[in-house]
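In what follows, a structure is listed as structure tokens, so that the remarks can point back to it.
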4 protein chains.
Amino acid sequence: MARPKSEEKRTQLLHAAAEAIAQRGVGAPTAMISAMAGVAEGTLFRYFPTKEVLFNEMYLHIFRQLCDATGAVLDPSQPLLQRAEMSWNSYIDWGLAHPAWIKAVNQLGMTDILTEETRDIERTLFPDVGLMEACEKSELFEGLNIAFGDAMFIAIADATLRFAAQEPARADEYKLSGFKAFARIFLTSA
Amino acid sequence: MARPKSEEKRTQLLHAAAEAIAQRGVGAPTAMISAMAGVAEGTLFRYFPTKEVLFNEMYLHIFRQLCDATGAVLDPSQPLLQRAEMSWNSYIDWGLAHPAWIKAVNQLGMTDILTEETRDIERTLFPDVGLMEACEKSELFEGLNIAFGDAMFIAIADATLRFAAQEPARADEYKLSGFKAFARIFLTSA
Amino acid sequence: MARPKSEEKRTQLLHAAAEAIAQRGVGAPTAMISAMAGVAEGTLFRYFPTKEVLFNEMYLHIFRQLCDATGAVLDPSQPLLQRAEMSWNSYIDWGLAHPAWIKAVNQLGMTDILTEETRDIERTLFPDVGLMEACEKSELFEGLNIAFGDAMFIAIADATLRFAAQEPARADEYKLSGFKAFARIFLTSA
Amino acid sequence: MARPKSEEKRTQLLHAAAEAIAQRGVGAPTAMISAMAGVAEGTLFRYFPTKEVLFNEMYLHIFRQLCDATGAVLDPSQPLLQRAEMSWNSYIDWGLAHPAWIKAVNQLGMTDILTEETRDIERTLFPDVGLMEACEKSELFEGLNIAFGDAMFIAIADATLRFAAQEPARADEYKLSGFKAFARIFLTSA
DNA sequence: CATGAATGAGTATTCATTCAT
DNA sequence: TATGAATGAATACTCATTCAT
């Protein structure tokens with residue numbers, strides 16, 4: 001269908017929305033978003049029918065980028081440990097490089113603004129680092145939801161990110177320690 | 001004095017605020033909060049000068065309760081593993097018993113509404129499960145911020161909580177698996 | 001009738017009201033006034049049934065003081081010119097000594113808060129400097145409202161006061177020049 | 001551009017503000033003002049960011065009109081006496097024709113709502129009737145602020161206006177007597 | 001009589017959305 | 001299609017007044 005004219009403006013709006021949420025929370029006015037995107041107030045609504053739709057699409061847009069960064073480095077021929085570490089490092093690096101986006105996504109994620117549909121798509125998106133399989137095999141997570149592994153990955157990574165962002169000088173140490181901690185969960189032979 | 005300001009109303013407002021945030025996010029109207037607390041709109045502002053102050057105090061109030069629950073079970077004579085498990089279980093149990101409060105605290109925690117002062121007090125509050133000491137001794141976290149351990153505890157517990165809350169029938173399994181995973185980080189002999 | 005207990009509190013409230021209006025205009029909250037008077041919020045309403053009544057009584061109270069100061073110096077045995085000058089000087093001196101009260105009275109005077117009754121009493125209060133008689137006799141004001149003279153006195157004095165207050169160092173010069181100007185109106189032989 | 005902001009609406013808001021202040025004082029609600037202007041409540045704030053700004057701009061707008069009326073009749077070739085009388089008459093006529101505006105301006109003028117900037121501009125605006133020069137030359141006002149003359153003009157005119165407005169049938173008599181009184185100050189040969 | 005907690009109507013301002021240009 | 005002026009419902013906070021203590 002007639003996707004509105006400028007794909008560029010769409011992207012600008014998406015990014016502006018993320019930036020605005022990072023700065024002012026989900027209460028950030030649409031007028032602020034359109035201003036940051038360099039378009040008129042009304043234009044925003046030609047690309048997204050409501051603020052909520054904009055936020056949902058923004059969430060997936062950013063999450064997709066995060067997943068791209070995290071998944072791009074996956075080499076199926078490598079063993080789980082290596083793959084996991086590559087992904088971990090990419091995740092942390094991406095997070096450090098895009099603090100506003102991380103903040104926006106985390107903030108939005110706590111909210112009921114995200115629709116069930118968005119949550120469904122989100123689950124689809126996270127790259128298969130091998131944790132689901134590891135989850136299934138692990139006597140620790142036997143029988144539990146296979147997304148539990150990914151959730152741990154993200155939970156620990158986000159905590160790590162917070163400390164790394166606060167002490168940039170030692171970001172690498174946090175990155176490494178965080179991963180080692182994470183690895184112990186999945187890669188320790190009982 | 002004419003009538004002392006009612007400690008009960010204060011508490012009702014605090015709890016109403018938590019409930020309201022859980023239901024409608026930080027944009028929840030003060031009118032909704034006062035209604036839920038069973039007081040007049042203006043009364044809220046005799047107890048808390050602004051919405052932000054209310055939210056900050058609410059955050060600490062709830063966090064304090066959470067810490068009380070988590071820390072009450074600590075028995076210094078027990079070894080770290082046991083202490084950690086007791087606290088872990090209390091945390092998860094408390095979280096399952098108060099889903100709205102957990103949601104409110106998490107939501108508020110992502111926000112810039114919390115002042116630096118609130119954050120400072122928060123750090124003071126979390127009970128000493130022994131993770132800071134473990135952090136310092138661990139070769140994993142050597143030299144890093146000693147709050148990293150507590151952060152991991154909370155990050156993993158919150159992730160666990162989310163899954164447990166979603167599948168209440170297996171809450172105990174999640175609780176146990178979550179703890180085992182956490183324990184591997186701190187209690188694995190390298 | 002049972003005038004409420006403390007005449008002192010009544011006066012404090014009156015003065016506090018004047019001060020509050022000077023500082024914040026007629027929108028000054030009753031709570032501010034009671035605080036400035038050193039009494040509880042509710043106490044104000046035991047002395048004055050409404051804010052408007054308080055303001056009306058305050059207006060007359062202050063105006064009465066002003067008139068006392070202006071009229072006290074009148075010596076009926078002196079000729080008009082001297083009497084007028086004495087009064088003029090007292091008015092200006094009193095105004096310079098009580099800037100907040102002048103401000104409050106002027107501010108309130110422009111407002112519809114003052115009742116017709118208050119206005120009536122006010123007219124009664126201004127001391128008879130002799131201007132009414134001078135008015136009647138003057139071919140200038142023949143047949144016009146005899147209060148016109150007092151109004152001129154006050155109008156010119158207030159303007160003088162504004163300049164004198166702004167340049168306190170030359171207050172005396174303004175006082176003298178203002179009076180001379182005023183005198184030309186009434187005391188010039190056509 | 002979508003639609004230019006309407007200069008007409010701006011003016012309507014300005015006039016509505018004056019009318020509202022005349023009727024209800026500076027506490028007049030913005031909702032009342034927008035209603036009187038025939039626009040939506042929110043529209044007011046697209047033209048003036050705050051009520052205070054609106055009031056300041058209104059003050060200057062009205063004062064400018066008053067000055068235009070008063071100054072338009074000035075003919076530099078005429079002697080001071082004639083010029084002053086022309087201006088005086090215009091002032092009184094304008095005031096009688098726009099009682100609400102006069103009331104609004106006087107009310108606002110007593111208030112701290114007017115900024116220092118507004119006061120500065122105001123001083124700039126009053127037409128040069130020749131009183132400043134007369135002030136300088138007069139032995140009466142020698143060395144004093146040259147604005148003293150204008151202040152007297154306005155003070156006496158406003159007092160005159162009040163009486164004239166109250167007895168419209170004799171407005172002309174007040175107008176003439178007021179001017180004669182004023183003239184004695186400046187135009188009496190010592 | 002004095003107090004100050006409680007009230008709820010009232011107010012300035014914001015903001016998502018619409019629509020005339 | 002893009003714009004931004006216009007809208008009015010929604011919201012945080014204030015304040016005169018009441019009344020239980």
Side-chain angles (χ1 to χ4, degrees), chain A residues 2-6 9 24 27-35 38-55, chain B residues 1-6 9-10 24 27-35 38-55, chain C residues 2-6 9 24 27-35 38-55, chain D residues 1-6 9-10 24 27-35 37-54:
Chain A
R3 177 77 72 72
K5 238 182 188 165
S6 157
K9 267 181 195 154
R24 306 247 319 246
T30 53
M32 182 194 188
I33 296 170
S34 49
V39 305
E41 289 183 43
T43 302
L44 187 156
F45 293 93
R46 299 189 63 80
Y47 286 81
F48 308 94
T50 68
K51 197 190 186 188
E52 299 216 337
V53 168
L54 165 62
F55 280 6
Chain B
M1 205 193 324
R3 215 180 327 179
K5 226 180 283 193
S6 149
K9 265 180 197 147
R10 211 188 110 89
R24 307 248 316 243
T30 54
M32 183 193 187
I33 296 171
S34 49
V39 304
E41 289 185 37
T43 301
L44 186 155
F45 294 95
R46 290 189 78 87
Y47 285 82
F48 307 95
T50 66
K51 197 189 184 189
E52 298 214 338
V53 169
L54 166 61
F55 280 5
Chain C
R3 180 73 75 70
K5 237 182 189 166
S6 156
K9 268 180 194 153
R24 307 247 318 245
T30 53
M32 182 194 189
I33 296 169
S34 49
V39 305
E41 288 183 42
T43 301
L44 186 155
F45 292 92
R46 300 188 63 78
Y47 287 80
F48 307 94
T50 67
K51 196 191 186 187
E52 298 215 338
V53 170
L54 166 62
F55 280 6
Chain D
M1 208 193 324
R3 214 180 327 179
K5 225 180 287 195
S6 148
K9 265 180 196 147
R10 212 188 110 89
R24 306 249 316 245
T30 53
M32 183 193 187
I33 297 170
S34 48
V39 305
E41 289 186 38
T43 301
L44 186 156
F45 293 94
R46 291 188 78 87
Y47 284 82
F48 306 95
T50 67
K51 197 189 184 188
E52 299 215 338
V53 170
L54 166 61

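Chain letters run A, B, ... following the sequence lines, proteins first, then strands; residues in each count from 1. Scope of the values below: all heavy atoms of this structure, side chains included, with no hydrogens, waters or symmetry mates.
- Within the nucleic acid shown, Tyr47(D) comes within 4.0 Å of sugar-phosphate atoms alone, with no base atom in reach, counting heavy atoms only.
- Contact check, Lys9(C) against dA2(E): a side-chain N or O comes under 4.0 Å of OP1 or OP2.
- When atom types are taken as modelled, the side chain of Tyr47(C) and the backbone of Leu54(C) share no donor-acceptor pair closer than 3.5 angstrom.
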Original post:
Under a 3.5 Å cutoff on both atom distances, Watson-Crick or G-U, what's the dot-bracket for DNA chain F ([ ] crossing, | other strand)?
Top reply: .||||||||||||||||||||
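- Regarding Arg24(D), its CZ atom lies at a distance of 10 Å from the P atom of dG10(E), rounded to whole Å.
- The closest donor-acceptor contact from the side chain of Lys51(B) to the backbone of Ala28(B) lies under 3.5 Å.
- Taking CZ of Phe48(C) as the start and CD1 of Ile33(C) as the end, the distance is 10.0 Å to the nearest 0.5 Å.
- Thr50(A) and Phe45(A) get closest at one heavy-atom pair: CA-CE2, 4.3 Å.
- The listed nucleotides are dT7(E), dT11(F), dG8(F); the one nearest the side chain of Thr43(B) is dT7(E).
- Lys5(B) places no side-chain N or O within donor-acceptor distance of the main-chain N or O of Arg10(B), the cut-off being under 3.5 Å.
- Computed from coordinates, the Lys5(D) NZ to dG4(F) C1' distance equals 9 Å when rounded to whole Å.
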Got a list of protein N/O to nucleotides 16-20 of chain F N/O distances below 3.5 Å?
| residue | atom | partner | partner atom | Å |
| --- | --- | --- | --- | --- |
| dA16(F) | OP1 | Lys51(C) | NZ | 2.8 |
| dA16(F) | OP2 | Thr30(C) | N | 2.5 |
| dA16(F) | OP2 | Thr30(C) | OG1 | 2.7 |
| dT17(F) | OP2 | Lys51(C) | N | 3.0 |

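- Nearest heavy-atom pair across Ala40(B) and Ser34(B) is O-CB, 3.7 Å.
- Note: CG (Leu44(D)) to P (dT14(E)) measures 12 Å, nearest angstrom.
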